[in-house]
Amino acid sequence: VYLTQCFQHTVLVWFPCMYLWSCGPLYLVYLWFTGQGGISLTSLCCAKTVLGLCLVSFGFLEVFYVLVERSAEIHQHMVFLLSPVIRSLTMLLAVCVIQWERMKGCRSSVLLFLFWTLTVVCSLVPLRANIQQIIEEGFFTDAMRFIAFFVYFSLQLTQLILSCFSDQPQPNNPCPVEDASFLSKMLFWWFGGLVIRGYRTPLQAEDLWCLREEDSSDCIIADLEKDWARECSKLQQKECSLSGCRPTGPKLTEQTQLLKKLRQEQNSGFCLFRVLARSFGPFFLKGILFLIFHDVFMFSIPQVLSLLLGFMRDQDSDLWKGFMFALLLFLLSSLQSLFNHQYMYSCFTVGMRVKTAVMGLVYRKSLVISSAARQSCTVGEIVNLVSADTQKLMDMVVYFNAVWVAPIEIALCLFFLWQRLGPSALAGIATVILIFPLNGFIAKMRSKLQEVQMRYTDSRIKLMNEILSGIKILKFYAWEQAFLERVLGYREKELNALKRSQVLYSISIASFNSSSFLIAFAMFGVYVLIDDKNILDAQKVFVSMALINILKTPLSQLPFAMSTTMQAIVSLRRLGKFLCQDELKPDDVDREPYSPDGDGVVIDSGTFGWSKEGPPCLMRINVRVKKGSLVAVVGHVGSGKSSLLSAMLGETEKRSGRVSVKGSVAYVPQQAWIQNATLKDNIVFGQERKESWYHRVVEACALLPDLEILPAGDGTEIGEKGLNLSGGQKQRVSLARAVYRKADVYLLDDPLSAVDAHVGQHIFERVFGPKGLLKDQTRVLVTHGLSFLPQADLILVMVEGEITEMGSYLELMARDGAFAEFIRLFAGNERKERSHRGTRKSVSRLSMTDFSIDLSQEQLISGDRMSSASIQTMEAISDTEDQEQEDVGKLTEADKANTGRVKLEMYVEYFRTIGLALIIPIVVLYAFQQAASLAYNYWLSVWADDPIINGTQIDTDLKLGVFGALGFAQGVSIFGTTVAISLGGIIASRHLHLDLLNNVLRSPMAFFEVTPSGNLLNRFSKEVDAIDCMIPDGVKMMLGYLFKLLEVCIIVLVAMPFAGVILLPLTLLYAFIQSFYVATSCQLRRLEAVSRSPIYTHFNETVQGASVIRAFSEQQRFILQANGRVDHNQTAYFPRFVATRWLAVNLEFLGNLLVLAAATLAVMGRDTLSPGIVGLAVSHSLQVTGILSWIVRSWTDVENNIVSVERVKEYADTPKEAPWTIEGSMLPLAWPTHGTIELEEYGLQYRKGLDWALKGISLSIQEKEKVGIVGRTGAGKSSLALGIFRILEAAKGEIYIDGINIAQIGLHALRSRITIIPQDPVLFSGSLRMNLDPFDGYSDEEVWRALELSHLKSFVSGLPDKLNHECSEGGENLSLGQRQLVCLARALLRKTKILVLDEATAAVDLETDNLIQSTIRTQFDDCTVLTIAHRLNTIMDYTRVIVMDRGLITEMDSPSNLISERGQFYLMCREAGLV
């Protein structure tokens, strides 16, 4: 077929030129506005320019040639002259565009790439014509013209090749997408570098590119914040105008208030949507454009397939048409896949930006939210907004378009099916309408089951959380087994709900996977049964099948997209509601610059409340605090002392009055707020570090001794919420942070409550007192310590939110009011009671030894969770001795990102737990399912090739029957396989969870001290959840698609055996790309997960410490930190989703090659192949692209989730405790009958290589003896108790109880026969009875008797549920004293011969303390009692006192003898005011 000369010289030349002249000017204007500064001249740019100029000069030479040689023809054919002129001018324009792009910093041109592609494509026709002419007439007939044409064509082709590359990358921009060429962007080639790097060595965080400028938090949030503020103020004005015209007050019924609240939520959600749409809409629209192109190509494919099958049937048509159709199929499939992935890429990019934006807004809001609003949203809820709700918005961005595109796609599919099959297409619609309600009903039932399952999961996790918090108590009491059974009870119920849900899901999957068969069966059945003349030929069958396969995608997406959008709307409302909450008013407090004279803090007739409504918390407050004075605020609990400080900080709602503060402020809250950072960072808190000042502050706050203990000094990492510091240490660090600030005004909320008295005295003198570091600053000190009051310049006495008395100490005492009475009453008590609380004048004697030399041994048993030695228990990850310095101070082992591929043994481990009995049936069922599918497809092709006799086909009923039977067989086997896999998954997860639980509960105490409970909870929640649901689902998908792929390959090979030549290299290439991808993807996923948790930790911390951050005016620094963490996470998230696109584009290209091969082979074998077989092969090969990407996606899912098996198995290899029980142990039932304890050369070490905590102690305690153990902090008192209970195993020597070596009996046998009353009373959620007797080993009478003796009977009998009274988490619904008495009741219930009493340091009220002491004296009279004493008055009547120091016994005798010896014990008694 030859196109006319005229067509070649006009249309083919002018078409590319018209394109460039029409688009060029617009493009130049676009560059004018978006240019980024010039690029220096590169060799690539020079080459493009030189080639362009050659093309221009060629054109003008042609004009010259035509004028000279063909002047005669010009008059008739002006076109010969016109074409070269137009062409030359266009090439000139192209050169100008190249230079303009260089000047505007554009590195790759879409415009020119398309222009050169068009010119080369249009030149292909003349190229063919010229070659044809040379073959027919010889080269030398018109040699000059041929040479000119070929040179010109080569130059154009070279330009096209050059335009595939981009100019030099910017030196400071590591993200390659910025500098990639147009082609590279479309095909994601720019990502290849990272994939190769990830394949060679496991990726680390350093290998990832920096975030692009437009994706960074700073860039996104800057404009968005202003926009949101404008929207918010508009919304408030609108609400004011609405509420202004209505009567307010009590007339509003509850209903109208509720409606108003709902409307506000809706409005705020809509506002947020508007703001996000304005920011990210344009980029999102670009994505929609890609989607439309994708749909156009997708619907063209079945039309071309129809043409190809028509060609196969018509033996007379030209062969080139067949090849053209084959090529068209390949091109359309490739373009469809490219545009699909560009669309997905733009969606994910927008999703990522939305996530950054929302996180930024929520974080900034959490720093300014008012106290009342803060009450209504818990920390958990705020973190949830950031984690769950932002995720919902991201999902919506990706799936939202399906809501409106899917119905259009469904309508188009049905329109094309109607064209093929007429009204029978409606049968297909009917089938769809039936399948959907079924799936909807199943989804509803599953969501109910899921709620049930989540309830049990929540209970299980809550219980696990309590177990991990109170693990020490469980070990002391040997209660692990009882709690293990409680956890397994929840787990069993959870798995039952899951099992039922999975069976329902299997029905859903079976109906969906059979949907294409069911639709086809309905349509074809109706079609052939309505009319005998209706014939099913290859064209009708396989084009319809292709359309049905297209139809499945929108059908499956639509319900998912709708539910995602509904969830996102709810999330938008929640976010909007939070972002519209009331904020603190910065003008409540006048912050004035510092001036040396006048008052530091002034409150004039102030009334304050915690919220707008409700009673005020402070009334009639008039305070003037002079510059440099020390003001003490005293009063009972709840009298408003802390509220007064909050009012000065502007944290409360000011109702009336004026507050002014001069100069900068530093604040020490009552509950110390400690960041998860090093100790140094906690003190310096963002300021410059000045060594000398820092040292003075640390010394004054009595932190030097603590620094000596901490493994890396002030470089030690402090756990979240300061978990490796004792209460006193936290308070001192919090104080040091304030002192380091050198602020002008100090607001101190009872900073000395948690520290020992002598330390408190030291701090008062060195920090707050008249000679302290802050002597010239204004100080407002809330305190309960009466000894400090005489030194205050002014004392405010608060009662119920009012200041009742004010004046100096002497003035108030002289007035003889309530204050004076209070002082007289308590001063006497304080002197007697608080052992260490004498005001010690000789501060010089406060040497290091008085402080904690080695807190560790002391605090291990006391409530201070972590301790120095336990901090050091973190085994160095490398076992080498020369461990680097910075590792020493690390406490918690962060969750490590494992590297490399998941080991094969994890898969083996997983499948071994399922068992062969299930695996073999699963594989057999899969094979059967695919065989049925293959059979019914092949049957269709045979039917389509059936000869037509008298305009009808024979035996249509039989054919339809066989077709139906095969399809239904496939559906049943799909149901079978999915149920089998689900059951297998449940069996595996039951085993793995049980192993994890056993491994954790059998770990020694040291393990819990170095493993953050968050890591363990994560294993029990997220990882177990992945094993429950994700792995079985992934395995289902992966196996399903693998067998489907096998089926396609078999069909193509049966139709065209020659395709084997192509299939083999494609398979190898596929495996090659897959292995590249999986290594990188796994690593990226791990890196992303590891960088995600710091965001939430930081959020959590910020929300809890917001008042401190505001007081110190550090908001900006924290916002920058949050931005940094979000950006760090996005750095890993961005390549993670691009990796999927890179893979899909490459794989789908391979799949499209298979389409090309099948179609080309079909055209070549037209004479031997029937249309039915060709239709079968080509329509199946069209599905390959989808199948390939799904296989890899599900493979990666399985690989990513199998990591959970790895992480759950991780704790199988950690060290375990000794066995709980020893089989065949000969221990007498009543042991110990006497209660004698012998220690022989007993030594304890917290870990090899550390100092000895106890250094070879020998000691003998007789039955019924009462022994007190005293000593300074860290002397080894508690280590002794830990040794007796074998919480720590002996490093040398033995302990004998009643003559039996305790190292030779089971831990539970030992721990259940001796009793401890621990220092901090831990209760678990559950009934009171369960807290006393979890094994149900005692009768109700015995339990009541124990309660009576522990003075709880009247309280418990007053409760509505009596013994079944539900204790909340940690026993928070009982007071501290009552919890202490419950622990006493536990001891009374067990009544063993040996009682260890670890006295509570925390000041339990005196009443409770006296109750406990008297009960112990009477009830445990015939037992051996060991008391670790902090208050000496409790042990003055004991038979013996042991004084310990640095792990040795220094003195041991009766109290009276020790006092007369005037040794260490005497000094301690003197300090306590007992002698």
Side-chain angles (χ1 to χ4, degrees), residues 225 228-240 243 248 257 260-261 264-265 267-269 271-272 358 360-386 573-591 603 606-619 621 640 642-661 665 667 669-671 673 747 749 801 1099-1116 1118-1119 1122:
E225 212 179 356
W228 173 246
R230 277 198 298 274
E231 280 289 339
C232 246
S233 56
K234 266 191 223 162
L235 194 68
Q236 277 160 351
Q237 283 165 5
K238 194 169 143 193
E239 269 168 20
C240 288
S243 55
T248 50
Q257 275 179 328
K260 189 176 157 200
K261 202 169 152 196
Q264 278 173 350
E265 272 182 42
N267 288 346
S268 56
C271 280
L272 180 60
V358 172
L361 286 176
V362 171
Y363 187 79
R364 284 157 177 70
K365 181 74 180 185
S366 66
L367 283 172
V368 293
I369 190 167
S370 71
S371 307
R374 174 75 185 76
Q375 297 302 316
S376 64
C377 30
T378 61
V379 181
E381 279 172 21
I382 295 176
V383 172
N384 211 357
L385 286 175
V386 173
R573 272 189 213 153
R574 282 165 48 107
L575 285 161
K577 178 185 164 190
F578 175 74
L579 293 172
C580 286
Q581 293 277 21
D582 293 338
E583 297 183 6
L584 292 169
K585 301 188 184 73
D587 48 0
D588 271 2
V589 175
D590 305 331
R591 289 280 174 105
I603 302 181
T607 303
F608 305 90
W610 281 112
S611 59
K612 283 181 184 167
E613 296 83 35
C617 59
L618 296 170
M619 293 163 294
I621 303 288
S642 299
S643 305
L644 182 66
L645 294 192
S646 295
M648 292 174 181
L649 286 168
E651 297 280 316
T652 51
E653 190 81 34
K654 185 173 76 173
R655 306 261 176 100
S656 65
R658 183 178 80 88
V659 183
S660 96
V661 175
V665 175
Y667 169 58
Q670 196 167 6
Q671 281 238 311
W673 173 72
L747 305 178
D749 197 350
F1099 254 86
N1100 224 331
E1101 245 171 30
T1102 306
V1103 174
Q1104 281 165 340
S1107 55
V1108 178
I1109 297 169
R1110 284 193 290 263
F1112 284 93
S1113 306
E1114 285 286 327
Q1115 294 96 316
Q1116 211 40 49
F1118 274 79
I1119 285 174

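The first residue in the sequence is number 1, and the count goes up from there. Not measured: the values here are computed from a predicted model.
To the nearest 0.5 Å, atoms CZ (Phe1112) and CZ (Phe1118) are separated by 10.0 Å. One distance of note links CD of Gln1115 with CD1 of Ile1109; it measures 8.0 Å at 0.5 Å rounding. Considering CG of Leu367 and CD of Glu1114, their distance stands at 11.5 Å, rounded to 0.5 Å. Between the OG atom in Ser646 and the CG atom in Asp749 there is a gap of 7.5 Å [rounded to 0.5 Å]. One finds the CG atom of Leu584 at 5.5 Å from the OG atom of Ser371 (value rounded to the nearest 0.5 Å). Note that the CG atom of Asp588 and the OG atom of Ser370 stand 10.5 Å from one another [nearest 0.5 Å].
Every residue was checked against the ring pair (Phe, Tyr, Trp, His ring centres under 6.0 Å) condition with Tyr667, not counting sequence neighbours, and none meets it. Under the salt bridge (charged side-chain N to carboxylate O under 4.0 Å, His left out) criterion, Lys654 pairs with no residue, sequence neighbours left out. For the side-chain contact (heavy atoms from CB on, under 4.5 Å) test, residues two or more places apart in sequence or in another chain that qualify with Cys271 are Trp228, Glu231, Leu235, Arg274. Checked against side-chain contact (heavy atoms from CB on, under 4.5 Å), Glu225 has the following partners two or more places apart in sequence or in another chain: Ile221, Leu361, Arg364. Legend: residues meeting salt bridge (charged side-chain N to carboxylate O under 4.0 Å, His left out) with Arg574, ordered by chain and number and at least two apart, are Asp389. With sequence neighbours excluded, no residue satisfies ring pair (Phe, Tyr, Trp, His ring centres under 6.0 Å) with Phe578. Applying the side-chain hydrogen bond (donor to acceptor under 3.5 Å, both in side chains) test to Thr607 and every residue at least two apart in sequence or in another chain returns Ser656. The salt bridge (charged side-chain N to carboxylate O under 4.0 Å, His left out) check on Arg655 picks up nothing, with sequence neighbours excluded. Applying the ring pair (Phe, Tyr, Trp, His ring centres under 6.0 Å) criterion to Phe608, with sequence neighbours excluded, gives no partner residue. Residues that satisfy the side-chain hydrogen bond (donor to acceptor under 3.5 Å, both in side chains) test with Gln236, not counting sequence neighbours, are absent from this structure. For Lys585, the side-chain hydrogen bond (donor to acceptor under 3.5 Å, both in side chains) partners two or more places apart in sequence, or in a different chain, are Glu653. Remark: Lys577 engages no residue in a side-chain hydrogen bond (donor to acceptor under 3.5 Å, both in side chains) (not counting sequence neighbours).
Contact record, Gln581 with Lys365: O-NZ, 2.7 Å, taken as the closest heavy-atom pair. What you find for Pro616 and Met619 is that their closest heavy atoms are CG-CG, 3.7 Å. Between Gly576 and Ser268, the shortest heavy-atom distance links the atoms C-OG, 3.4 Å. Here the closest heavy-atom approach between residue Val1108 and residue Pro669 is recorded as CG2-CG, 3.7 Å. Of all heavy-atom pairs between Met648 and Leu747, the closest is SD-CD2, 3.7 Å. The two residues Ala647 and Val589 come nearest to each other via the heavy atoms O-CG2, 3.8 Å.
At a threshold of 4.5 Å between non-hydrogen side-chain atoms, the residues Glu651 and Ser642 do not count as touching. Contact annotation: the side chain of Ile369 never approaches that of Asp582 to less than 4.5 Å [non-hydrogen atoms, C-beta and beyond].
Between the side chain of Trp610 and the backbone N or O of Ser643 there is no donor-acceptor pair closer than 3.5 Å.
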Full working for side-chain contact (heavy atoms from CB on, under 4.5 Å) between Asp590 and Arg658: CA-CA 8 Å; Asp590 305 331; Arg658 183 178 80 88; 3.7 Å; yes

Just do the side-chain contact (heavy atoms from CB on, under 4.5 Å) check on Val386 and Tyr363 with the steps written out, would you? CA-CA 8 Å; Val386 173; Tyr363 187 79; over 6 Å; no

Report the C-alpha separation of Leu649 and Val665 in whole Å, then their side-chain angles, then the decisive distance to 0.1 Å, and conclude whether the side-chain contact (heavy atoms from CB on, under 4.5 Å) test is met. CA-CA 8 Å; Leu649 286 168; Val665 175; 3.8 Å; yes

